[in-house]
Every structure is written in C-alpha cells, then in structure tokens.
Amino acid sequence: MNRLGNKAVVVWFGDDLRLSDHAALTAAAQTGSPLVCLYVLDDSRVETGPRPLGGASRWWLAGSLRALEASLKKFGQTLVLRKGDAATIIPQIASEANAFAVYWIDNEIAGQAALARNVAHELERAGIEAKTFPSDLLARPQDIRNKDGRGLRVFTPFWKRVRSLGEPAQPLPTPRKLPPPVKIESDTLEDWQLDPSRPDWAGGLRAAWTTGEAAAQQRLHDFLEHEIKGYAIKRDRLDGDHTSHLSPHLRFGEITPRQVYHAATFAAAQKPAIAGDVEKFLSELGWREFWRHLLFDLPNLAEQNLQPSFDQFKWRPDAKALRAWQRGQTGYPIVDAGMRQLWHSGIMHNRVRMVVASFLVKHLLIDWRDGEKWFWDTLVDADPGSNPASWQWVAGSGADAAPYFRVFNPILQGEKFDPDGVYVSRWIPELANLAPSLIHHPWDATPMELTAAGVTLGKSYPEPIVDHKAARERALAAYAKTRS
DNA sequence: TTTTGAGTTGTTCGA
DNA sequence: GTCGAACAACTCAAA
C-alpha cells in the first residue's frame with residue numbers, strides 16, 4: 001500500500017526495450033504502486049502514426065520483446081502486449097488496471113510524437129495523468145538551434161554544439177526491484193506473427209544477431225574492450241569486422257546513446273591509446289543524433305526532398321534494374337555483395353551502403369525513395385532518422401549532402417576497401433576463385449581466366465547492367481539539369 | 001554587419 | 001605512379 005492507495009501505474013514501452021537507463025520505469029518503480037508494463041503494436045497505417053516496421057525490423061522486435069519479457073520475469077513482472085490504436089488501448093488498460101498515471105519515454109520521433117499527443121489527450125479526458133520522460137538523445141533538438149530557430153543542417157557545427165553542452169547525464173541503473181504486476185490480459189507474441197514463416201527467411205538473421213538488452217551491453221563491452229583499437233582507420237575496411245554492430249540495439253532502445261557515450265569515454269580514460277578511436281566512434285553516434293534531430297524538424301523526411309530543387313529531378317523508373325539491384329544481380333561485385341549481405345543478415349557495412357546507394361541513385365538514376373524503402377524493409381537497424389536522411393545525403397537532396405559530382409566508382413571502392421576480395425568472395429561465392437586483381441571487375445578477365453575460376457559471365461554471374469563510364473556521364477548530365 | 005573559410009565518407013584528368 | 005585542381009551551392013562560425 002502507498003500514498004495513492006492501491007492505484008497502479010502503467011509504463012508504456014516503445015523504442016526503449018530495456019530496464020536500465022529507463023527513466024519512466026525507474027520513476028514508476030519509485031512510486032511503489034502496482035505496475036503494468038505495456039507494449040502496444042500499432043500496425044494501423046494511419047498518416048499520423050509511426051511508420052509501420054519493415055520485415056527485418058519486425059523480426060528484431062519479436063526477439064527484443066521476448067528478451068524484455070524474460071528480464072521482467074526475473075523481477076516478478078510481466079509484459080502486457082496489445083495490438084491496435086494506442087490512443088484507444090492505453091486509456092482502456094489504464095482504467096482496467098485502476099491506474100493513476102501512464103509513464104513513457106518521449107522518443108521525439110515524428111509519427112510517435114503525434115501519436116503520443118493523442119494518447120496524452122485521451123488519458124487527460126479519462127482523468128489519468130500522462131507523464132513523459134526525456135528521450136534517449138544526447139541533446140534535445142530544442143537546444144540545438146541556429147539564429148532563426150531552426151535545427152542545424154551541417155554536421156560539424158552541429159556536433160560541436162552538442163559537445164559544448166557538456167557530458168550527457170549519467171545513465172540510470174536498472175531498478176533494484178519492481179512492484180508487483182497487475183493482472184491484465186495480454187496477447188501472445190505468436191498472435192502477432194512478427195517472425196516470418198512460409199517461408200522462414202530469418203535463418204541468416206538468427207545466425208548473425210542476438211537481440212535484447214543483455215546482448216546489447218555485451219556487444220558494447222566486447223567492442224570497447226577488444227575491437228575498437230584502430231577503429232578510426234579500420235572501420236572502412238570490408239575484410240574483417242571492425243564496426244560496433246550496435247545500430248539495431250540502439251534502434252530499438254535496448255541500449256542508450258548515453259550508456260554508449262559514458263562507457264566509451266571511460267574506456268578512453270583507461271587506455272589513452274584508443275582515445276582517437278573513441279572520438280571517431282562517438283562522432284558516428286553524433287551522426288545518428290544529427291539525423292534524429294533532422295527528423296524532429298522534418299517529419300516527412302522519407303518522402304520529401306530536403307532540397308526542393310530535387311522535386312524537379314527526372315528519376316528513371318526501371319523495375320527490372322531495381323529488382324536486379326535488390327537481388328544483388330547488377331554485375332558489379334561490390335554492389336551485389338552488399339545487397340546479398342543485406343538480404344541474408346539484415347545489415348550492410350556502412351561503406352558498402354554508400355556504394356550501393358550511389359549506384360542505385362546515380363548509375364541507375366532510380367529514385368532514392370525506392371532504395372530507402374528497400375532498406376527500410378530489409379535492415380534490422382532501419383532507423384526512421386538515419387535511413388531516409390542518409391539516402392537523401394547520398395542523392396544530394398539532403399542535409400550536408402554529397403556533392404552532385406561524387407559518383408562512387410564501384411570498382412575503385414572494391415579495390416580500396418576490399419583489396420583481397422575477401423568480402424566479395426564471402427557473399428558471391430561464385431566469384432571466389434577469381435584473382436583479387438580481377439574480382440572487382442570480372443568482365444576484364446580473359447576467357448581462360450574466367451574458365452579457370454569457373455565463371456561464365458551472363459550465366460553464373462551477370463554482366464554489368466550498365467557501363468560505369470557511360471552511367472557516370474549520364475548521372476552528371478541529369479544532375480546538371482536540376483541545377484540550372 | 002559583412003566577409004571569409006571550412007565542411008565524413010570521391011573521381012577523373014592532366015601534368 | 002603521384003599530385004593538385006576541378007567538379008556547386010549552401011550553411012554556419014569565426015574574424
């Protein structure tokens with residue numbers, strides 16, 4: 001019993017599937033009131049709601065919810081699952097539980113912010129307190145403004161401003177104990193069918209990932225302890241594993257940027273030799289932050305060109321080429337390797353993301369939105385900020401965007417970042433027997449070299465769907481037109 | 001106030 | 001083989 005009688009409190013979980021550094025959960029636990037831990041899957045494709053998850057993200061969500069359920073169980077708690085319109089369901093559950101308040105973390109994402117406003121409104125009408133807690137971001141978008149009150153559009157000044165605010169708050173520990181649960185009816189995860197079946201295409205995802213908060217913390221620890229040395233240079237290499245692999249964990253809030261920031265700066269203080277690598281790593285966290293802040297200002301980032309001049313751009317609809325790109329059948333080994341890694345593992349090395357995106361947008365002149373949608377569906381780390389913003393960055397229509405003349409050369413990029421062809425061989429085994437000097441441009445091999453490697457161009461591996469030089473010139477001409 | 005310089009991720013060309 | 005220049009337009013900060 002507490003000062004509120006036997007009234008309960010509801011914690012509404014969203015993209016914050018963890019128990020540590022969770023201000024809403026911590027505050028709810030401190031009330032001592034009986035507790036409802038709630039997750040609502042809002043699948044309704046309403047304009048104002050959050051963007052419906054892609055296939056790979058749905059798979060991740062299922063695993064993450066399972067992990068959260070298991071963690072809560074250790075505290076004698078349960079996770080209540082409901083599907084439908086959050087603005088209807090949350091007040092219902094709150095009154096069913098006889099709750100005096102609903103607490104949640106305000107993740108300040110476009111669709112979610114609108115939904116959260118509706119939820120708060122409905123709760124107020126029902127006489128139930130709606131209390132929100134600050135988002136996971138390192139800084140509040142409201143605090144990073146230029147003279148005109150707008151968010152910054154260039155990364156370096158943005159990141160300087162964020163850093164000038166000082167260290168982010170220390171992350172909160174996991175509550176020592178949680179109050180008992182209120183009995184509320186719940187869907188089961190099986191009801192939601194988040195995992196693919198018929199066919200089950202998630203084998204590669206299961207092999208590549210462990211979802212959940214504990215796995216996220218372990219990943220961060222391993223990365224800082226054993227892998228970060230040399231990050232500043234090695235992160236661009238495709239042979240070997242030199243990136244943190246934290247992105248999907250961050251996406252679903254299994255770990256917070258605050259936790260990553262403090263763990264990383266602590267590691268740098270212990271080992272001055274890695275200080276430069278840590279600084280580079282933190283700036284990657286800064287890019288995530290930058291894109292999120294951009295999304296805060298521009299909710300329609302996945303549809304609307306940030307630079308209006310691009311509205312006139314004549315993209316080239318080409319279903320056949322789009323499909324070849326999606327399936328990793330363009331005939332450019334570095335592009336195809338990336339697209340196959342994505343399809344198999346739900347992830348793609350960041351360097352290759354730039355190469356394949358540049359290829360779709362510039363070599364094929366296909367609308368960046370088509371690429372963005374494919375990534376949204378296939379990436380486990382598909383982020384409402386980073387994904388559209390990075391596509392716009394590559395296309396040149398975005399913030400701090402790549403200049404129009406930057407057309408990645410897929411052969412050079414391969415030779416530079418995968419010099420021994422390790423990455424290509426792994427994802428395109430049919431090219432594995434080609435010499436490293438040929439593996440990024442098999443069309444230059446002699447018939448004898450191809451035969452020796454067991455490659456038949458056009459059969460075992462496609463011919464290039466466009467010629468690099470011609471495609472580059474076509475892209476430059478098309479981009480020149482939008483400028484004038 | 002105005003001006004100036006710098007800005008994640010590249011490529012090609014010609015000297 | 002290496003190196004510098006050229007390839008826009010815009011945003012922000014510092015002078």
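Below, read A as the first sequence line, B as the second, and so on, with proteins coming before strands; counting in each chain starts at 1.
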Discussion item. When you measure from the side-chain N and O atoms of H363(A) to the phosphate of dT11(B), is any distance below 4.0 Å, counting only OP1 and OP2?
Written reply: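 False: H363(A) side-chain N/O out of range (4.0 Å or more) of dT11(B) OP1/OP2.
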Worksheet item: Which dot-bracket string fits DNA chain C when only Watson-Crick or G-U wobble pairs with both atom distances under 3.5 Å count, crossing pairs get [ ], and | stands for a partner on a different strand?
Response: .||||||..||||||
Discussion item. Quick one, L220(A) and I255(A) - any side-chain contact, counting heavy atoms below 4.5 Å?
Written reply: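 Yes, close enough: below the 4.5 Å cut-off.
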Practice prompt. Please tell me if the side chains of D383(A) and S247(A) come closer than 4.5 Å, counting only heavy atoms from C-beta onward.
Written response: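 The answer is no; the side chains never approach within 4.5 Å.
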What is the distance, to the nearest angstrom, from the [atom1] atom on [X] to the [atom2] atom on [N]?
X: L476(A); N: dC13(B); atom1: CG; atom2: P; answer: 11 Å
X: E473(A); N: dT12(B); atom1: CD; atom2: P; answer: 10 Å
X: H440(A); N: dT11(B); atom1: NE2; atom2: P; answer: 13 Å
X: K469(A); N: dT11(B); atom1: NZ; atom2: P; answer: 16 Å
X: W287(A); N: dG7(B); atom1: CH2; atom2: P; answer: 13 Å

Item to complete: Any side-chain hydrogen bond (donor to acceptor under 3.5 Å, both in side chains) involving residues 451-467 of chain A? Give me the pairs, sequence neighbours left out, ordered by first then second residue.
Response: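 For residues 451-467 of chain A: D336(A)-Y461(A).
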Item to complete: Provide the distance between the two P atoms, one in dA6(B) and one in dA5(C), to the nearest whole Å.
Response: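 Going atom to atom, P in each nucleotide, I get 14 Å.
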Partner set under ring pair (Phe, Tyr, Trp, His ring centres under 6.0 Å) for [X], not counting sequence neighbours:
X: H262(A); result: none
X: F223(A); result: Y231(A), F281(A)
X: W104(A); result: W12(A)
X: F158(A); result: F290(A), H293(A)

Worksheet item: With a 4.0 Å cut-off, would you call D241(A) and R235(A) a salt bridge?
Response: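 No, no charged N to carboxylate O under 4.0 Å.
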Worksheet entry | SB check D297(A) R150(A) (cutoff 4.0 Å) |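 No.
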Discussion item. Below 4.0 angstrom, which residues in residues 394-416 of chain A have at least one non-hydrogen atom near DNA chain C?
Written reply: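 Hits under 4.0 Å, by residue number: P403(A), Y404(A), F405(A).
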Worksheet item: In residues 139-150 of chain A, what residues come within less than 4.0 Å of DNA chain C, judged by heavy atoms?
Response: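 The answer is N146(A), R150(A).
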Worksheet item: Do you know the tightest heavy-atom contact between Q392(A) and S397(A)?
Response: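 Of all heavy-atom pairs spanning Q392(A) and S397(A), the closest is OE1-OG, 2.8 Å.
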Discussion item. Going 5' to 3' along DNA chain C, which are the first and last nucleotides with any atom under 4.0 Å from a heavy atom of chain A?
Written reply: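 Nucleotide range in contact with chain A: dC7(C) to dA13(C).
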What pairs with [X] under side chain to side chain donor-acceptor pair (under 3.5 Å), at least two apart in sequence or on another chain?
X: Q217(A); answer: Q259(A)
X: N146(A); answer: none
X: S164(A); answer: none

